Amino acid sequence: MPMRNIMSHNILIGGFIQNGDLDSARILFDEMPERNLATWNAMVTGFIQFEFNEEGLSLFSQMHGMGFCSDEFTLSSVLRGCAGLKAIQLGKQIHGYVMKSGFDCNMVVGSSLAHMYMKCGNMSEGERVFQGMAVPNVVAFNTLIAGRAQNGYSEGAFDQFHLMKMAGLRPDKITFVSVISTCSELATLGQGQQVHAETIKSGSDSSMSVRSSLVSMYSKCGCLEDSVKVFTEFEDDDSVLWSSMIAAYGFHGRGQEAIKLFEQMEKKDIEPNDVTFLSLLYACSHSGLKEMGTKLFNLMVDNYNLNPRLEHYNCMVDLLGRSGCLEEAEALIRSMPIKPDAIIWKTLLSACKIHKNTEMANKIAEDVLQFDPQDAAPYVLLSNIHASAKSWGNVSAMRKAMRDKKAKKEPGISWLEVKNQVHQFRRGDKSHPKWMEIDEYLKELTSEMKKKGYVPDSGSVLHDMDVEEKEYSLAHHSEKLAIAFALLNTMPGAPIRVMKNLRVCNDCHLAIKFISEITSREIIVRDSSRFHHFKHGKCSCGDYW
DNA sequence: ATAGGGTTAG
């Protein structure tokens, strides 16, 4: 086959791939009696570009088997395929080849390599690759920032954002997206507002992805009105932007608004995706909209041909369970076509707790504990159930079981921003410099609350203690410490925003209602699953959470 | 020709 024939075929293949017609590219490729590196690269990068990662990687191994040597284009693409499949073993082998062939000095290959490790969850190796770059560019920095953010190292991601600017690089919209997500995660409103200002200065604020992340950031920082502003600020939109606004409403317990938005979305012919429905189902379950949630689930399957994931089933179990249909929820878990995980059983278990169904709780606890006997959550839930049924013998049995299995409870942490500084509190943590003051104030507050009818909910305490010890323990939950600190250190009348890593317990929820009444303050608490707006002794969740 | 990003259950 003459050379010009290969070249003309390559051009044809390139054209097919550009149009996304991989089938035609494949047919032509299979017919070619002779191929060169450009032919192989077109195929490998083409398939991986359209996220047919397995096919791309299999072409790569064929290419390798026929003695072709990869260049920077092959390598960066194949590494991207490994990242998509989380194929770290293959990624490591390619890393070895990169070192041998000297491509480790290539910035594009280096970024792909760092990205591959970060996507596969190996942060430190990703960091090492980045550190090995002589002069990292914007993309390399973005890889590191996003990698840290996605691996739950938000503070580090934010620090890197500063280092990048200090190195004289201008952040682009991809940088902003990752950095804004870290502000959502940490609920650092002040920082988020600053980054928002930077996106405006650089003209990135009209970018769809930047706006989606801003909508989410403002919602998770407790400023739903600002989410709406960002959402409506520009004409153009897409399904992710709409999904983020739907999620924002759901997170604040505004199920009706979320549904209204979805109806508008349908009118405008914006195709909802699986995340849109996840957010909708979540919104329904947190607003007690059982009928609507069920309707949407069916709509998703029948009209939009979307396959429900475990997450969708979990929302449905939550929806049914919270609204008291425990049997229906259990039946759904047992009949769904996906294997249940520990999370979905725990969702049902917490519904049993809400509706005080000890019998079902005991039965399904066995299912839950099969997954991880060291997981404290099921013991804690069961213990709470027994406590509210006043069966103290079972409560101490739970505590003993926990001790025997060495199950550890995740410590509750609450934090808040005061004057752009983040203050963190742990349950009963006396090391805080203002502990004495906080403790004293909480005592005063508690006696005020009791006069108004507050009765501490001792069912929220796990350990065997006498009444006084229980009350002391409850009074020093991290969110109460944070709120007391905020009351002492902010202007009277200013709203208080507190974040917590776990769900707010029954007792704190009750207590904060009283505190909002007594101090005439609006108290906004973000826990691990939603927002609670406390005002005049009431909570926006209507005690349904 | 090649690299990085948005929404998402508990």
Side-chain angles (χ1 to χ4, degrees), chain A residues 10 14 17-18 37-38 41-42 44-46 48-49 70-80 83 103 106-116 118-119 130 136-147 149-150 171-181 184 204 207-217 219-220 227 231 238-248 250-251 272-283 285-286 308-319 341-351 377 381 502-503 527-530:
Chain A
N10 284 353
I17 287 170
Q18 264 189 1
L37 182 60
N41 274 352
V44 171
T45 58
I48 289 172
Q49 192 191 331
S70 302
D71 65 5
E72 56 183 300
F73 302 104
T74 337
L75 291 170
S76 48
S77 179
V78 168
L79 285 166
R80 183 175 162 185
F103 279 113
N106 181 292
M107 180 86 71
V108 178
V109 175
S111 298
S112 312
L113 201 49
H115 176 243
M116 183 277 297
M118 298 283 223
K119 270 278 170 200
F130 177 83
N137 63 6
V138 175
V139 178
F141 267 99
N142 286 350
T143 307
L144 184 64
I145 292 171
Q150 287 161 5
D172 64 9
K173 58 181 182 176
I174 295 181
T175 325
F176 288 130
V177 161
S178 299
V179 173
I180 293 165
S181 304
S184 315
S204 314
S207 144
M208 209 76 81
S209 41
V210 169
R211 288 166 64 208
S212 303
S213 60
L214 283 171
V215 165
S216 176
M217 185 274 289
S219 153
K220 293 199 165 157
S227 299
F231 177 65
D238 70 359
S239 61
V240 176
L241 183 65
W242 282 77
S243 302
S244 62
M245 195 60 232
I246 288 174
F251 206 65
N273 59 28
D274 57 337
V275 179
T276 318
F277 280 103
L278 198 56
S279 304
L280 279 167
L281 295 175
Y282 172 86
S285 84
H286 285 261
R309 304 196 309 251
L310 202 44
E311 288 95 324
H312 295 94
Y313 283 107
N314 191 43
C315 275
M316 287 307 290
V317 169
D318 198 44
L319 179 80
D341 64 353
I343 293 168
I344 200 164
W345 285 117
K346 278 192 263 184
T347 301
L348 183 56
L349 194 55
S350 74
L381 281 168
L502 309 174
R503 294 273 278 278
D527 72 7
S528 60
S529 88
R530 63 167 294 157

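Proteins get letters first, then strands, A, B, ... in listed order; numbering begins at 1 in each. Keep in mind that this is a model prediction, so the values were computed, not measured.
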- Query: Nearest heavy-atom pair of Tyr313(A) and Pro308(A): which atoms, and what distance?
  - Reply: CE1-CB, 3.7 Å
- Note on the structure: Whole-Å distance, Met208(A) CE to dG6(B) P, equals 16 Å
- For Leu113(A) and dT2(B), give me the distance from atom CG to atom C1', rounded to whole Å. 14 Å
- Query: Hey, does the side chain of Thr74(A) come within less than 4.0 Å of dA1(B)'s phosphate (OP1/OP2), counting only N and O?
  - Reply: no
- Message: Under 4.0 Å, counting only non-hydrogen atoms across every strand here, what does Asp274(A) touch: a base, just sugar-phosphate, or nothing?
- Response: nothing
- Residues in salt bridge (charged side-chain N to carboxylate O under 4.0 Å, His left out) with Arg309(A), at least two apart? Asp274(A), Glu311(A)
- Value in whole Å for how far the P atom of dT2(B) lies from CG of Asn41(A): 12 Å
- Do you see a donor-acceptor pair shorter than 3.5 Å between the side chains of Thr347(A) and Asp318(A)? no
- Message: Between Gln150(A) and dG6(B), is there a contact of a side-chain N or O with OP1 or OP2 at under 4.0 Å?
- Response: yes
- Quick one: is Lys220(A) getting a side-chain N or O under 4.0 Å of the dT8(B) phosphate, OP1 or OP2? yes
- Over how many whole Å does the gap from Asp71(A) atom CG to dA3(B) atom P extend? 13 Å
- Query: How would you label the contact of Val138(A) with the nucleic acid (heavy atoms, under 4.0 Å): base, sugar-phosphate, or nothing?
  - Reply: base
- Message: The side chain of Met107(A) is closest to which nucleotide in this list: dG6(B), dA3(B), dT2(B)?
- Response: dA3(B)
- Message: I'd like to know if Ser213(A) reaches the base of dG6(B) with its side chain, counting only an N/O donor and acceptor under 3.5 Å.
- Response: no
- Rounded to the nearest Å, what distance is computed from the CG atom of residue Leu280(A) to the P atom of nucleotide dA9(B)? 12 Å
- Task: Report yes or no: is there a donor-acceptor pair, N or O only, under 3.5 Å between the side chain of Glu72(A) and the base of dT2(B)?
- Result: yes
- Query: Taking N and O atoms by type only, does the side chain of Ser243(A) place a donor or acceptor under 3.5 Å from a partner on the base of dT7(B)?
  - Reply: yes
- Check every atom of dT8(B), dA3(B), dA9(B) against the side chain of Val139(A) and return the nucleotide holding the closest atom. dA3(B)
- Message: Categorize Asn106(A) for me: base, sugar-phosphate, or nothing, with a 4.0 angstrom heavy-atom threshold over every strand shown.
- Response: nothing
- Proximal nucleotide (of dA9(B), dA1(B), dA3(B)) relative to the Asn314(A) side chain: dA9(B)
- Query: Picking from dT8(B), dT7(B), dA3(B), which would you name as closest to the side chain of Arg309(A)?
  - Reply: dT8(B)
- In whole angstrom, what separates Leu319(A)'s CG from dA9(B)'s P? 15 Å
- His286(A): ring-ring contact (aromatic ring centres under 6.0 Å, His included) partners, not counting sequence neighbours: Tyr282(A)
- Message: What's Thr347(A) touching, base or sugar-phosphate or nothing? Going by heavy atoms closer than 4.0 Å.
- Response: sugar-phosphate
- Proximity to the side chain of Ala247(A) - top-ranked nucleotide from dG6(B), dT7(B), dA3(B): dT7(B)
- In whole angstroms, how far is the P atom of dG6(B) from the CZ atom of Arg211(A)? 17 Å
- Side chain of Ser227(A), backbone of Ser219(A): donor and acceptor closer than 3.5 Å? yes
- Query: Is Thr45(A) touching bases, backbone alone, or none of the nucleic acid, heavy atoms closer than 4.0 Å?
  - Reply: nothing
- Message: Which nucleotide wins on minimum distance to the side chain of Val240(A), given the candidates dA9(B), dG6(B), dA1(B)?
- Response: dG6(B)
- Identify whether any heavy atom of Ser350(A) sits under 4.0 Å from a base atom; if not, whether one sits that close to sugar-phosphate; answer base, sugar-phosphate or nothing. nothing
- Query: Which of the following nucleotides, dA9(B), dG6(B), dT7(B), is nearest to the side chain of Asp238(A)?
  - Reply: dG6(B)
- Note on the structure: Of all heavy-atom pairs linking Ser239(A) and Ser243(A), the shortest is O-OG, 2.7 Å
- Message: For the CG atom of Leu241(A) and the CG atom of Leu214(A), what is their distance to the nearest 0.5 Å?
- Response: 10.0 Å
- Message: Any donor-acceptor pair, under 3.5 Å, between the side chain of Ser111(A) and the base of dA3(B), if you only look at N and O atoms?
- Response: yes
- Query: Has the side chain of Arg80(A) got a donor or acceptor that lies under 3.5 Å from a partner of the other kind on the base of dT2(B)?
  - Reply: no
- Message: Measuring to OP1 and OP2 of dG6(B), would you say a side-chain N or O of Ser178(A) lies under 4.0 angstrom away?
- Response: no
- Between Met217(A) (CE) and dT8(B) (P), how many Å, whole number? 13 Å
